[in-house]
Amino acid sequence: MNDGKRTPWIVGVSGASGTPYAAAVLRGLLAAGESVDLVVSRASRLTLLDETGISFRDAHWREDLAAWLARGADGKPDTFDVDLDDVRYWSAGDLGAGPSSGSYPAKGMLVVPASTAAVAGVALGLSKDLLQRVASVTLKERRPLVVAVRETPLNGQTLRHMVALDEAGAVVLPASPAFYAGATHIQDLVDFVAGRVLDAAKVPHRLYRRWEGELGAALRSD
């Protein structure tokens with residue numbers, strides 16, 4: 001829990017399809033008692049509107065975020081109950097925001113979902129918006145950076161950018177659901193990816209069934 005010395009995880013949401021992944025990661029962080037700073041790119045607002053019908057507005061971000069995080073991956077509202085008391089929001093156009101500086105305390109950054117444009121921007125150090133700037137700061141400060149890439153197929157240019165991120169110290173984590181955990185609903189597949197993001201950040205969670213070396217265990221327990 002927050003002990004008065006707030007050191008948040010910064011979550012960047014880019015314009016790739018996959019807003020349920022971001023929602024599940026945010027819920028997981030908050031459930032683990034972590035502080036969260038949120039950056040929602042301009043492109044991601046269009047994706048969020050398309051995938052959920054929710055308009056994310058700077059002036060009403062808390063209300064809009066609450067509606068988003070309460071929504072299940074199947075589109076049902078009021079599926080989850082989330083406490084937003086320890087969430088701070090920064091506009092993607094605010095390049096003077098706290099997290100734009102390395103002196104701002106943070107545990108690291110999770111970019112989920114990460115579009116190929118975001119991957120390229122971070123790999124090349126472009127800092128075109130706050131999301132890219134914070135990711136660059138995270139790398140230069142040697143803090144954990146997890147980039148959950150959501151695109152298929154991948155061309156050579158994007159693959160080279162992903163290699164550059166890996167060499168810079170980031171964890172490149174394709175949003176690839178697995179089926180050995182016994183998924184029966186779309187939320188299970190989303191939670192598996194979100195759980196792997198949290199694993200990479202070393203944040204405890206109970207989002208998916210872990211592999212224990214026993215074939216068919218998930219089927220027998222259902």
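Here the structure is a predicted model, which means the values were calculated and not measured.
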Considering non-hydrogen atoms only, spot the tightest contact between Leu189 and Ala183 and give its length.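 Looking at all heavy atoms of both residues, the closest pair is CD2-CB, 3.6 Å.
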In this structure, would [X] and [Y] fall into the same cluster of hydrophobic residues linked by side-chain contacts under 4.5 Å?
X	Y	result
Val13	Val190	yes
Leu145	Val203	no
Leu95	Val137	no

Just one of Leu139, Val134, Val111 clears the side chain to side chain contact (heavy atoms under 4.5 Å, CB included) bar with Val122, so which one?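 Between Val122 and the candidates, side chain to side chain contact (heavy atoms under 4.5 Å, CB included) is satisfied uniquely by Leu139.
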With no hydrogens and no angle check, just 3.5 Å: does a side-chain donor-acceptor pair link [X] and [Y]?
X	Y	result
Asn155	Thr158	yes
Asp37	Trp9	no
Thr19	Glu51	yes

Any donor-acceptor pair under 3.5 Å linking the side chain of [X] with the backbone of [Y]?
X	Y	answer
Ser44	Ser41	yes
Thr138	Arg143	no
Arg42	Ala92	no
Thr52	Leu49	no
Gln187	Ala73	yes
Thr47	Gly15	yes
Arg150	Gly18	no

For the rings on Tyr180 and Phe192, is their centre-to-centre separation under 6.0 Å?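 When the ring centroids of Tyr180 and Phe192 are compared, they turn out to be within the sub-6.0 Å range.
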Salt bridge Arg45-Asp64, side-chain N to carboxylate O under 4.0 Å: no
Indicate yes or no: does Arg209 engage Asp188 in a salt bridge with an N to O separation below 4.0 Å.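 Asp188 and Arg209: not salt-bridged.
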Stepwise, does the side chain to side chain contact (heavy atoms under 4.5 Å, CB included) test hold for Val149 with Val147? CA-CA 6 Å; Val149 183; Val147 182; 4.1 Å; yes
Report, as yes or no, whether the 6.0 Å neighbourhood of atom [atom1] on [X] holds more than 12 heavy atoms from other residues, nucleotides or ligands.
X	atom1	value
Lys140	NZ	yes
Arg62	CZ	yes
Arg27	CZ	yes
Leu46	CG	yes

Show the numbers, then the answer: is there a side chain to side chain contact (heavy atoms under 4.5 Å, CB included) between Tyr208 and Asp191? CA-CA 6 Å; Tyr208 70 88; Asp191 284 347; 5.5 Å; no
Before giving the answer on side chain to side chain contact (heavy atoms under 4.5 Å, CB included), spell out for Val119 and Gln157 the whole-Å C-alpha distance, their side-chain angles and the decisive distance to 0.1 Å. CA-CA 10 Å; Val119 168; Gln157 187 176 46; over 6 Å; no
Please determine whether side chain to side chain contact (heavy atoms under 4.5 Å, CB included) holds for the pair Val39 and Tyr89, giving the CA-CA distance in whole Å, both sets of side-chain angles, and the decisive distance to 0.1 Å. CA-CA 6 Å; Val39 180; Tyr89 171 72; over 6 Å; no
Close side-chain approach of [X] to [Y], heavy-atom, < 4.5 Å:
X	Y	answer
Leu124	His161	yes
Val36	Pro8	no
Leu38	Arg88	no

Quick one: is the NZ or CZ of Arg71 closer than 6.0 Å to the six-membered ring centre of Phe80, and within 45° of its axis?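 Judged by the rule, Arg71 and Phe80 form no cation-pi pair.
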